Amino acid sequence: MTARNPVRAWLGRDINVLLLAGAIGLAAWPFFAGDAYSLRLLTVAGIYALAAIGYQFVFGHAGALSLAQGAFFGFGAYVAGILSVRMGAGFEVTFPAAIAASTVLAALVALPVLRLQSHYFALATLGIGQVVLLVAVNWESVTGGANGIPNVPALSLLGATVGRGWPMLLLVWSLVAIGALIARRLTGGLTGAALRLMREQPMAAEAAGIDIRGVRFAAFLLSALYGGAAGALQVHTVRVVSPEVLEFPVMVMLLAIAVIGGRTSVAGAILGAVLLVHLPEWFRPLERYYLMAYGLALLAMIVAAPWGLIGLLRHVRQRWLPEPEPPPPVAGPMPVGRPPARLEITGLTRRFGGIRAVDGIDLVVTPGESVGIVGANGSGKTTLLNMIAGAEKPDSGRIGWAQADIAGLPPYRIARAGIARTFQTLKLVDGTTALDNVAAASWHEFGGPGRDAARAAAMALLQKLDLAETAWKPCGALPPGLRRRVEIARALIGGPALLLLDEPAAGLTAAERDSLAGTLAALNNDGTTVVVVEHDLAFLEKFVARIVCLDQGRIIADGAPADVRADPGVVAAWLGQPLDEGGGHG
Ligand code: ATP
């Protein structure tokens, strides 16, 4: 085997060669257009790049449409401007103060706004900017009112002045480089895969132990931190702070940079910022048609590259220079199993309006058992499973697990307590490989830098479930039987003591059902407790020793499969009913 040249390998991976070319171009550019105005434009582009890299944490990575980034940017600018003009503070004070002020503002507003769903969240975050703008306009004695504060002194760092032109440009772009490196570190590796899982399949992410609320909170704060930093740089560059910095066009500019550059790529934020700051200048000779041309250019970019410019470059690269599939990673040890525990449910009830979906269920599952839950459509099976997994909150009742009552706990805490689940409708990230779909679910365990260890553990599970061939294949390209298995592999990566499966055989061929039953039997033999909601009795009988039948939210039979099958109540409520779409009963 020939040794791979690490430089060539680095250049060949992803968009690195484009990044390198961009960085060289950026560095060389002012030498050709070195007038004061060009240097200033490039400095402003750097400032917007920093604010946009920050914005990507919440908008891109956490997938929440925040419209508060302009407010954090403007707030940072005001804090730095006021401290600089009124108190004569240097950059060593104004910079951290602006960062701290914007981050504290974000922490204060996060609690109420992060609870809101999508468009309400967007509106609420837009409101933050309006409130800060009102304060800036009306608190004249401090902010200078509608006129703002002119004559902000040049940036001074520990007594030395950083002048306009080259010095300011270099300072700004050095901070952009630092901000970019930190952002890449924070969102790369296994964290990137976990964030994608969180964005595309939030329920699956929570079931993998990811605290979505906590991640969103951190992302919102990080956005504000970068916004405040950029605001402080802005005020020392333009030397004035006025309400304009808090107005909507700033937010629109940041949103456009993130969308056009690419939502989750640091390189995209930089590319987008450089482009959007310069675009109006390029169109200026068109005079009164300039705004129209600018608008059309933006529209054309969004239509041509809906995944952003970086997405487009990646797409082109993949088309013309496809990367060969690497050999599968070496499998590591199997995940360490959690200590076995007893599941003890008493008086569990959940109502939806007038319907008692689950009506006072008492159920004990002992460690190592394998239990099937059956019943007619709408008998409460999924609701019961969802309550055990935390996806539904019970109205009353207790769910005892490992000496604790877990009823009503959020799904991520139940997952961390050793209970894993799969879903009735598959919740995989289709654009991600099978390997990374599984590995992402161990982010809570391994953390961002632990991608190799997570992949090794994921590979061990893929091998165990006969999925080794699929490691580098995107999940969207796999047949249903294999996709079901990938979801089971993902559920197993935390080494759960209890595995809950919701209709795992739905949509599978007879051969796939047989093989899945074998897999579940083997898992159960290895010590994992298994609880399966299913319609297919014949499938269940291959690996469960006990069946519980529900009817209208209550248990009507509980015992050995043959006894349940023969139970007159079960025949009346379920087996005597017509078959469901999934070809139930068996
Ligand atoms: P299936 O076999 O069709 O999946 P199931 O036995 O899993 O059915 P559940 O999905 O638990 O049954 O539903 C039990 C009852 O609760 C049904 O009448 C259903 O319509 C109702 N229900 C479930 N979820 C909700 C909800 N989110 N809102 C309102 N009603 C609901």
Side-chain angles (χ1 to χ4, degrees), residues 117-118 201-204 206-207 343 345-363 365 371-397 399 406-411 414 419-427 480 484 487-488 491 498-508 513 516 520 530-541 544 546-558 561 564-565 567 569-586:
Q117 294 303 314
S118 59
Q201 298 291 359
M203 280 181 81
E206 287 200 291
L343 179 72
I345 296 172
T346 37
L348 201 65
T349 300
R350 176 73 165 114
R351 287 179 221 92
F352 293 108
I355 299 169
R356 282 174 170 266
V358 169
D359 190 7
I361 281 186
D362 297 326
L363 179 71
V365 179
V371 181
I373 297 183
V374 298
N377 290 116
S379 56
K381 304 179 298 291
T382 296
T383 307
L384 172 63
L385 203 79
N386 278 342
M387 283 194 283
I388 302 171
E392 290 282 0
K393 288 203 191 316
D395 292 319
S396 57
I399 305 174
I406 57 166
L409 288 184
I414 291 178
I419 299 180
R421 73 166 301 178
T422 64
F423 297 87
Q424 194 170 345
T425 10
L426 283 162
K427 298 197 186 308
R484 284 268 168 213
E487 208 183 51
I488 294 171
L498 169 61
L499 177 62
L500 308 169
L501 300 114
D502 197 354
E503 299 195 24
L508 302 192
R513 283 176 189 224
L516 183 60
L520 294 176
V530 178
V531 172
V532 192
V533 165
E534 232 334 303
H535 284 278
D536 184 343
L537 202 47
F539 166 73
L540 280 179
E541 281 168 337
V544 301
R546 176 182 165 201
I547 286 186
V548 174
C549 182
L550 300 189
D551 182 39
Q552 298 184 25
R554 294 174 186 219
I555 296 179
I556 56 164
D558 180 348
V564 171
R565 202 186 253 281
D567 188 300
V570 174
V571 174
W574 180 49
L575 290 173
Q577 301 292 312
L579 289 182
D580 61 304
E581 295 165 10
H585 304 176

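One-based numbering, in listed order, for ligands and for the atoms of each. Fair warning: this is a prediction, and the values are worked out from it, not measured in the lab. Quick note: residue numbers are just sequence positions, from 1. For the numbers below, each heavy atom of this structure counts, side chains included, while hydrogens, waters and symmetry mates do not.
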Does D362 form a side chain to side chain contact (heavy atoms under 4.5 Å, CB included) with I555? I'd like the steps, not just the answer.
CA-CA 8 Å; D362 297 326; I555 296 179; 5.9 Å; no

Passes side chain to side chain contact (heavy atoms under 4.5 Å, CB included), R565 versus E541? Steps please.
CA-CA 10 Å; R565 202 186 253 281; E541 281 168 337; 3.0 Å; yes

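- A distance of 10.0 Å separates CG in L385 from CD1 in I419, rounded to the nearest 0.5 Å.
- Pocket lining of ligand 1, defined as residues with a non-hydrogen atom under 4.0 Å away: F352, I355, A357, A376, N377, G378, S379, G380, K381, T382, T383, Q424, E503, H535.
- Heavy-atom neighbours of Q552 CD from other residues, nucleotides or ligands within 6.0 Å: at or below the threshold of 12.
- Looking at T382 and D502, their side chains do bring a donor and an acceptor atom within 3.5 Å of each other.
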Verdict with reasoning, R421 to L499, per side chain to side chain contact (heavy atoms under 4.5 Å, CB included)
CA-CA 6 Å; R421 73 166 301 178; L499 177 62; over 6 Å; no

